[in-house]
There are 2 protein chains.
Amino acid sequence: MNILEKIANELDTFSKSERKVAEVILASPNTVIHASIAALAKQANISEPTVNRFCRRLDTKGYPDFKLHLAQSLANGTPYVNRHVDEDDTADEYTAKIFESTMASLELARKSLNTTTVNRSVDLLTQANKISFFGLGASAVVAHDAQNKFFRFNVPVVYFDDVLMQRMSAINSQQGDVVIVISHTGRTKSLVEVAALAKENDATVIGITNEGSPLAKECNIVLSVDVAEDTDLYMPMSSRIAQLALIDILATGFTLRRGSKFRDNLKKVKDSLRSSRFERKE
Amino acid sequence: MNILEKIANELDTFSKSERKVAEVILASPNTVIHASIAALAKQANISEPTVNRFCRRLDTKGYPDFKLHLAQSLANGTPYVNRHVDEDDTADEYTAKIFESTMASLELARKSLNTTTVNRSVDLLTQANKISFFGLGASAVVAHDAQNKFFRFNVPVVYFDDVLMQRMSAINSQQGDVVIVISHTGRTKSLVEVAALAKENDATVIGITNEGSPLAKECNIVLSVDVAEDTDLYMPMSSRIAQLALIDILATGFTLRRGSKFRDNLKKVKDSLRSSRFERKE
DNA sequence: ACGTTAAATGTAGTTTAGTTACAGTACGTA
DNA sequence: TACGTACTGTAACTAAACTACATTTAACGT
């Protein structure tokens with residue numbers, strides 16, 4: 001574990017003097033890695049051996065070794081944190097925050113995603129007679145994107161962001177069809193109903209949603225991605241990015257499963273677009 | 001710069017003995033960071049001062065400082081790299097690669113995005129009488145998402161992913177309207193024409209596209225995000241994620257500019273969705 | 001409240017590691 | 001071949017880190 005986090009975590013298990021050291025370190029770790037044990041002791045108003053004992057308590061061999069660990073923690077740069085946008089942030093600030101939060105979410109999503117489930121989903125998708133993507137609101141965007149990707153595979157694929165169309169489509173589904181229902185919360189009533197309908201009609205229902213949600217209960221497979229709390233109170237942000245990454249993953253798994261011959265097909269689709277574009281000048 | 005790379009780069013500028021040290025370090029940097037200067041000297045079959053001189057040549061204060069830098073290089077662990085998916089990757093592998101590539105792209109996008117331009121775009125958006133988002137293919141998804149976000153702001157906003165609708169809408173645009181045209185390559189003919197049409201009709205055209213592309217030339221403002229080469233040869237992946245992050249940024253800037261009273265409005269929109277959802281059980 | 005004991009902290013001395021100054025060696029050039 | 005420069009090593013020195021022990025502080029029981 002990152003030694004800086006460790007210090008922060010164990011702050012209350014430290015003795016009085018040790019806490020002094022800890023606080024100095026946490027306040028400006030970048031200075032500390034260039035300071036001698038004497039300098040650090042002085043700054044924390046404690047003796048050198050106390051610093052040394054502090055280092056040992058953190059499972060390092062001594063002060064130099066501790067500095068090494070500290071340097072490594074810093075290099076990791078407290079990677080990406082979900083930081084909330086502030087009322088008086090400048091364009092510079094909120095831009096940075098949104099990028100960071102997005103990345104923090106992806107990091108989290110990566111960790112939480114179950115690749116065995118991914119694999120099973122890809123299995124099902126490759127065998128499907130027809131693939132449908134359903135979503136509403138922000139999740140409709142994800143469904144839209146999924147259609148876009150799977151359409152290139154030359155498989156029957158549809159996407160609906162309209163409640164009625166979703167219902168009709170679900171009712172008409174049958175065995176061999178795969179229905180992917182997308183909802184971050186998994187609590188949108190009409191989508192839960194659509195999932196149930198599709199299941200009743202023997203379609204395989206894959207949910208891209210929260211584990212344990214009402215929607216999840218109606219699904220044969222649940223692909224859940226944990227996501228950092230949304231940066232903006234009122235708009236879904238990170239959740240849909242993680243979902244899109246998941247779509248990429250499914251699409252990639254799909255092409256890999258289909259083998260290299262299949263990929264020639266993709267090339268054809270791409271080439272077909274060429275005439276609609278301006279040539280790139282060298 | 002990463003000190004390990006630096007050593008590798010400058011290998012041929014080193015003297016004979018220095019190269020010996022360099023090679024030992026490159027061979028097993030992880031051992032070196034825990035070794036004393038004496039141990040390292042012995043392993044490289046050279047004297048201690050030579051190691052010291054080696055450290056100085058690399059712009060460090062001495063051996064301990066050098067070890068610090070080395071430790072940081074190692075911790076950095078080549079953060080996020082754009083890694084291409086391989087024919088025989090397992091689900092585990094391609095999942096990891098896609099997440100990593102996506103994050104690498106966001107990292108790149110963050111660096112390349114000009115926040116002054118973002119700020120100007122937000123300015124224009126807040127003053128717009130009507131906002132239109134146009135995109136095709138993968139970029140249609142981004143436009144779709146943008147509509148979703150800006151719709152909550154209770155401003156007139158439309159999105160079209162149909163060429164004819166885009167043309168009609170562009171022709172009907174007028175001064176005070178803002179048209180946002182989205183295209184990764186910026187070379188899609190019909191979109192370039194739409195941008196030109198909108199501009200002729202005195203709308204302000206903002207392009208989310210490649211700087212220097214045909215589309216960029218037709219725009220009043222260009223929001224360009226550099227993006228790592230796409231992981232998949234035949235499908236856009238990272239580009240649209242970066243574009244979506246940009247939409248988040250614009251939307252966030254928009255709400256911030258409109259002030260806190262405006263945000264109550266967003267709450268209302270969100271609350272209005274409540275009845276369509278299952279209650280969360282505690 | 002007082003004394004006892006254990007834990008925590010500091011002081012001083014020791015050891016180890018790192019650095020500097022200088023001397024010797026190797027190599028290239030005139 | 002002789003000279004000079006750049007490189008490398010030896011030995012002395014300095015500074016940093018650590019250990020052992022003394023002192024203080026805090027906690028607990030009487």
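Naming convention: chains lettered A, B, ... in sequence-line order (proteins, then strands); numbering from 1 in each chain.
A sub-4.0 Å separation between OP1 or OP2 of D:dA16 and a side-chain N or O of A:Ser36 is absent. Proximity of A:Thr50 to the phosphate of C:dT9: no side-chain N or O atom is located under 4.0 Å from OP1 or OP2. Under 4.0 angstrom from either OP1 or OP2 of C:dT9 there lies at least one side-chain N or O belonging to A:Ser15. For C:dG18, the OP1/OP2 oxygens have no side-chain nitrogen or oxygen of B:Asn52 closer than 4.0 Å. Dashed line: the shortest gap from a side-chain N or O of A:Arg56 to OP1 or OP2 of D:dT19 is under 4.0 Å.
The nearest whole Å value for the distance from the CZ atom in B:Arg19 to the P atom in D:dC7 is 12 Å. B:Lys42 has its NZ atom 21 Å from the P atom of D:dT8, to the nearest Å. Here the P atom of nucleotide C:dG18 and the CG atom of B:Leu68 are 13 Å apart, to the nearest Å. Rounded to an integer number of Å, the gap from CZ of B:Arg57 to P of D:dT8 is 9 Å. Rounded to whole Å, atom C1' of C:dT25 lies 16 Å from atom CD1 of B:Ile46. Regarding A:Phe14, its CZ atom lies at a distance of 12 Å from the P atom of C:dA8, rounded to whole Å.
Distances were taken from every side-chain heavy atom of A:Lys16 (C-beta onward) to each of C:dG10, C:dT19, D:dA26; the shortest belongs to D:dA26. Taking every side-chain heavy atom of A:Tyr63 into account, D:dA17 is the closest of D:dG9, C:dG18, D:dA17. Closest to the side chain of B:Glu48, from the set D:dG9, C:dG18, C:dG10, is C:dG18. Of the candidate nucleotides D:dG9, C:dT9, C:dG18, C:dT9 has the atom lying nearest to any side-chain atom of A:Glu18. Nearest nucleotide to the side chain of A:Arg53, out of C:dG10, D:dA17, D:dT8: C:dG10. In this structure, the nucleotide among D:dA20, D:dT10, C:dG18 sitting nearest to the side chain of B:Lys67 is C:dG18. Distance from the side chain of A:Pro49 is smallest to D:dT19 among C:dA21, D:dT19, C:dG18.
Using the six-membered ring where Trp is involved, A:Phe66 and A:Phe54 have ring planes that are perpendicular, over 60° apart on the 30 and 60° scheme.
Separation of atoms CD1 (A:Ile241) and CG (A:Leu106) is listed at 7.0 Å; rounding is to 0.5 Å.
Taking the side chain as every heavy atom from C-beta outward, A:Leu223 and A:Leu250 approach each other to under 4.5 Å. Side-chain contact check for A:Leu215 versus A:Thr188: every heavy-atom pair is 4.5 Å or farther apart.
Using modelled atom types and a 3.5 Å distance limit, the side chains of B:Asp92 and B:Thr90 yield no donor-acceptor pair.
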